Amino acid sequence: MAEERDVFPRARGRTLSVCREDDEGQWKAPFYFIQGADPQFGLMKAWAIGDCDNGGDEWEEEIKLTEQAVQAINQLNPKPKFFVLCGDLIHGMPGTQWRKDQEQDLKNVLKNIDQDIPLVFVSGNHDIGNVPTPETIDDYCKHWGDDYFSFWVGGVFFLVLNSQLYFDSSKCPELKQAQDEWLDAQLAVAEKQTCKHVIVFQHIPLFLQNPDEDHDYFNLEKSVRQELMEKFHKAGIKAVFSGHYHRNAGGSYKDLEMVVSSAIGCQLGEDTHGLRVVIVTAEKIVHRYCSLNDLSSQGIEKELMDLIKQN
């Protein structure tokens with residue numbers, strides 16, 4: 001594991017060592033980062049044959065798509081401040097037979113990311129289980145770093161949450177309580193307005209389109225959702241970025257934007273395999289979902305690049 005940590009600086013002690021407030025707490029200029037979600041090695045075959053529980057025994061397509069994503073990111077100029085993967089890194093649930101091979105193949109692809117572009121990992125339901133346990137969360141943390149943490153980039157405060165604890169924490173209630181207490185402390189920091197913006201990353205969206213929509217597999221239960229939305233709004237959080245849906249979606253609650261990004265891997269709707277480019281200026285957060293093909297061949301479009309160049 002020591003060698004892997006050298007390749008991937010991961011979150012430990014609830015922060016990223018490469019993105020600490022001491023170095024990154026002050027606003028300097030507009031910047032951008034790349035958000036991806038759901039490479040989910042193994043789902044494309046499983047979905048194609050209609051057996052999502054047992055069918056994920058091949059993932060060559062996902063390897064190629066994630067390689068394309070890494071290559072596209074590496075050639076961007078200027079470089080993004082970081083690349084965040086919003087969960088479902090692999091398809092194999094905890095304890096399933098292909099999980100270790102999927103994890104290793106994903107690491108082999110991601111180790112080729114430019115070393116000046118930090119990787120930020122977010123836990124998804126396939127990474128820790130639909131009903132996570134202390135053991136499944138501990139296993140995830142050994143491979144990918146802390147399941148929730150905060151970090152700073154360019155005067156902007158980022159929070160990474162384990163959304164599965166909000167979906168079903170019945171087998172690890174003490175871990176949900178610990179995240180709740182930690183989150184409240186982090187939001188107290190955010191409320192002090194020492195940061196230019198506050199942005200949240202989590203796997204499961206609060207909602208897909210409407211804050212009042214019914215609860216289903218792809219969003220959080222309504223009472224949990226309402227509590228989080230109010231907490232986030234009160235703390236001045238501008239945006240929540242997530243995945244899980246394998247389609248692009250989103251909406252707003254008051255002045256909080258919910259951004260749902262489609263997948264690097266298997267598509268469940270009409271979107272293309274892609275990544276989201278997120279521009280952070282002093283006044284606003286602007287984002288656009290780009291297909292892997294477009295990002296590879298054209299880079300970031302001029303309209304977005306002009307925002308980065310503003311001082």
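These numbers were taken from a predicted model, which means no experiment stands behind them.
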May I have the step-by-step check of side-chain hydrogen bond (donor to acceptor under 3.5 Å, both in side chains) for Gln40 and His91, ending in yes or no? CA-CA 5 Å; Gln40 204 160 341; His91 182 61; 3.1 Å; yes
Taking atom CG of Leu175 and atom CD1 of Ile128, what is their separation to the nearest 0.5 Å? 9.5 Å
CD/Gln186 to CD/Gln179 distance, rounded to the nearest 0.5 angstrom? 10.5 Å
Can you tell if the side chain of Phe167 reaches within under 4.5 Å of the side chain of Asn125, non-hydrogen atoms only? no
Quick one: do Ile199 and Phe241 satisfy side chain to side chain contact (heavy atoms under 4.5 Å, CB included)? Show the steps, please. CA-CA 8 Å; Ile199 294 173; Phe241 289 87; 3.7 Å; yes
Is Trp152 atom CH2 crowded by more than 12 heavy atoms from other residues, nucleotides or ligands, each under 6.0 Å away? yes
With side chain to side chain contact (heavy atoms under 4.5 Å, CB included) as the criterion, how do Asp214 and Lys222 come out once you've worked through the C-alpha distance, each side chain's angles and the decisive distance to 0.1 Å? CA-CA 7 Å; Asp214 290 339; Lys222 291 180 80 170; 4.2 Å; yes
Working note: Lys107 + Lys111, criterion side chain to side chain contact (heavy atoms under 4.5 Å, CB included); need CA distance, chi angles, decisive distance, verdict. CA-CA 6 Å; Lys107 290 174 183 175; Lys111 72 182 181 183; over 6 Å; no
Trace of the side chain to side chain contact (heavy atoms under 4.5 Å, CB included) decision for Leu187 with Phe157: CA-CA 10 Å; Leu187 294 180; Phe157 190 38; over 6 Å; no
Is Gln104 close to Asn108 at the side-chain level, that is, under 4.5 Å between some pair of heavy atoms? yes
Side-chain (Glu24) to main-chain (Gly154) donor-acceptor, under 3.5 angstrom: yes
Backbone of Cys266 reached by a side-chain donor or acceptor of Asp38 within 3.5 Å: no
Heavy-atom count around Lys100 NZ within 6.0 Å, excluding the residue itself: above 12? no
Taking Thr281's backbone N and O only, do any of them form a donor-acceptor pair with His197's side chain (distance below 3.5 Å, no angle check)? yes
Answer with yes or no whether the hydrophobic clustering places Leu304 together with Phe83; edges join I, L, V, M, F, W, Y residues whose side-chain heavy atoms lie under 4.5 Å apart. yes
Are Arg14 and Tyr148 in a cation-pi setup, meaning NZ or CZ lies under 6.0 angstrom from the ring centre and within 45 degrees of the ring axis? yes
Considering only NZ, NE, NH1 and NH2 on the basic side and carboxylate oxygens on the acidic side, decide whether Lys45 and Glu60 come within less than 4.0 Å. no
Side chain to side chain, Ile34 and Val277, heavy atoms closer than 4.5 Å: yes
Check the surroundings of atom CD in Gln26: do more than 12 heavy atoms from other residues, nucleotides or ligands lie under 6.0 Å from it? no
If we ignore hydrogens and angles and just use 3.5 Å, is the side chain of Thr15 paired with the main-chain N or O of Ser150 as donor and acceptor? yes
Give me the ring orientation class for Phe201 and Phe151: parallel if the planes are under 30° apart, tilted from 30 to 60°, perpendicular past 60°. parallel
Are Val156 and Val198 linked, directly or through intermediate hydrophobic residues, by side-chain heavy-atom contacts shorter than 4.5 Å (ILVMFWY only)? no
Parallel, tilted or perpendicular, as decided by the 30° and 60° cut-offs, for the rings of His244 and His203: perpendicular
Using every non-hydrogen atom in the two residues, find where Cys86 and Val122 come nearest and quote the distance to one decimal. CA-CB, 3.7 Å
Checking Gln35 against Ser261 for the side-chain hydrogen bond (donor to acceptor under 3.5 Å, both in side chains) test, could you report, in this order, the C-alpha distance in whole Å, the side-chain angles of both residues, the deciding distance, and whether it holds? CA-CA 8 Å; Gln35 183 216 5; Ser261 294; 2.6 Å; yes
Determine whether Leu110 and Phe121 make a side-chain contact, defined as any pair of heavy atoms from C-beta on separated by less than 4.5 Å. yes
Just checking, Arg247 and Phe218: is the charged tip under 6.0 Å from the six-membered ring centre and within 45° of the axis? yes
Heavy-atom donor-acceptor pair, Tyr32 side chain to Pro78 backbone, under 3.5 Å: yes
Got Cys172 and Pro132 here, is their nearest side-chain heavy-atom distance under 4.5 Å? yes
For Asp294 and Tyr289, what are the C-alpha separation, side-chain angles and deciding distance, and is it a side-chain hydrogen bond (donor to acceptor under 3.5 Å, both in side chains)? CA-CA 10 Å; Asp294 285 350; Tyr289 186 83; over 6 Å; no
What are the two closest non-hydrogen atoms of Leu165 and Lys176, and how far apart are they? O-CD, 3.4 Å
Hey, could you give me the CG/CD distance between Leu228 and Glu221, rounded to the nearest 0.5 Å? 10.5 Å
Does Ile137 reach the side chain of Asn162, with side-chain heavy atoms less than 4.5 Å apart? yes
Please answer whether the main-chain N or O of Ser123 pairs with a side-chain N or O of Gln164 as donor and acceptor at a distance below 3.5 Å. no
Should Glu257 and Ile285 count as side-chain neighbours, where that means a heavy-atom distance under 4.5 Å? no
Heavy-atom check, side chain of Tyr253 versus side chain of Met229, under 4.5 Å: yes
Shortest non-hydrogen contact from Ser262 toward Gln267: OG-OE1, 2.5 Å
Measure the spacing between CG of Asp53 and OG1 of Thr96 and express it to the nearest 0.5 Å. 10.0 Å
Side-chain heavy atoms under 4.5 angstrom apart, residues restricted to Ile, Leu, Val, Met, Phe, Trp, Tyr: same cluster for Val120 and Ile90? no
Would a single hydrophobic cluster contain both Ile73 and Val84, if residues Ile, Leu, Val, Met, Phe, Trp and Tyr are joined by side-chain heavy-atom contacts under 4.5 Å? no
Specify the closest pair of heavy atoms between Val18 and Pro9, including all atoms of both residues, with the distance to one decimal. CG1-CB, 4.1 Å
Quick check: are there more than 12 heavy atoms from other residues, nucleotides or ligands sitting under 6.0 Å from CD of Glu270? no
Using a 6.0 Å cut-off, check whether atom CD of Glu61 has over 12 heavy atoms from anything other than its own residue. no
Side-chain heavy atoms nearer than 4.5 Å, only ILVMFWY residues, links allowed to pass through others: does that put Phe158 and Leu119 together? no
What do the steps show when you test Ser291 against Asn293 for side-chain hydrogen bond (donor to acceptor under 3.5 Å, both in side chains), and what is the final call? CA-CA 5 Å; Ser291 73; Asn293 289 339; 5.4 Å; no
For the residue pair Glu181 / Gln177, report whether a side-chain donor-acceptor contact shorter than 3.5 Å exists. yes
Using only atom types and a distance under 3.5 Å, with no angle test, would you say the side chain of Ser252 pairs donor to acceptor with the backbone of Asp255? no
To the nearest 0.5 Å, how far apart are CG in Asp127 and CH2 in Trp144? 8.0 Å
Using distance only, find each side-chain donor-acceptor pair of residues 205-212 under 3.5 Å and give its atom names and separation, not counting sequence neighbours.
{"from": "Asn210", "atom 1": "OD1", "to": "Asp212", "atom 2": "N", "distance (Å)": "2.8"}

Has the side chain of Glu301 got a donor or acceptor atom that lies under 3.5 Å from a matching backbone atom of Glu303? no
So, taking the atom named CD in Glu135 and the one named CG in Asp139, what distance separates them when rounded to the nearest 0.5 Å? 10.0 Å
Mind listing the closest non-hydrogen atom pair of Val259 and His287 along with its distance? CG2-NE2, 3.5 Å
Assess Lys64 against Trp59: is NZ or CZ under 6.0 Å from the centre of the six-membered ring, and within 45 degrees of the ring's axis? no
If you take all heavy atoms of Trp47 and Cys52, which pair is closest and at what distance? CE3-SG, 3.6 Å
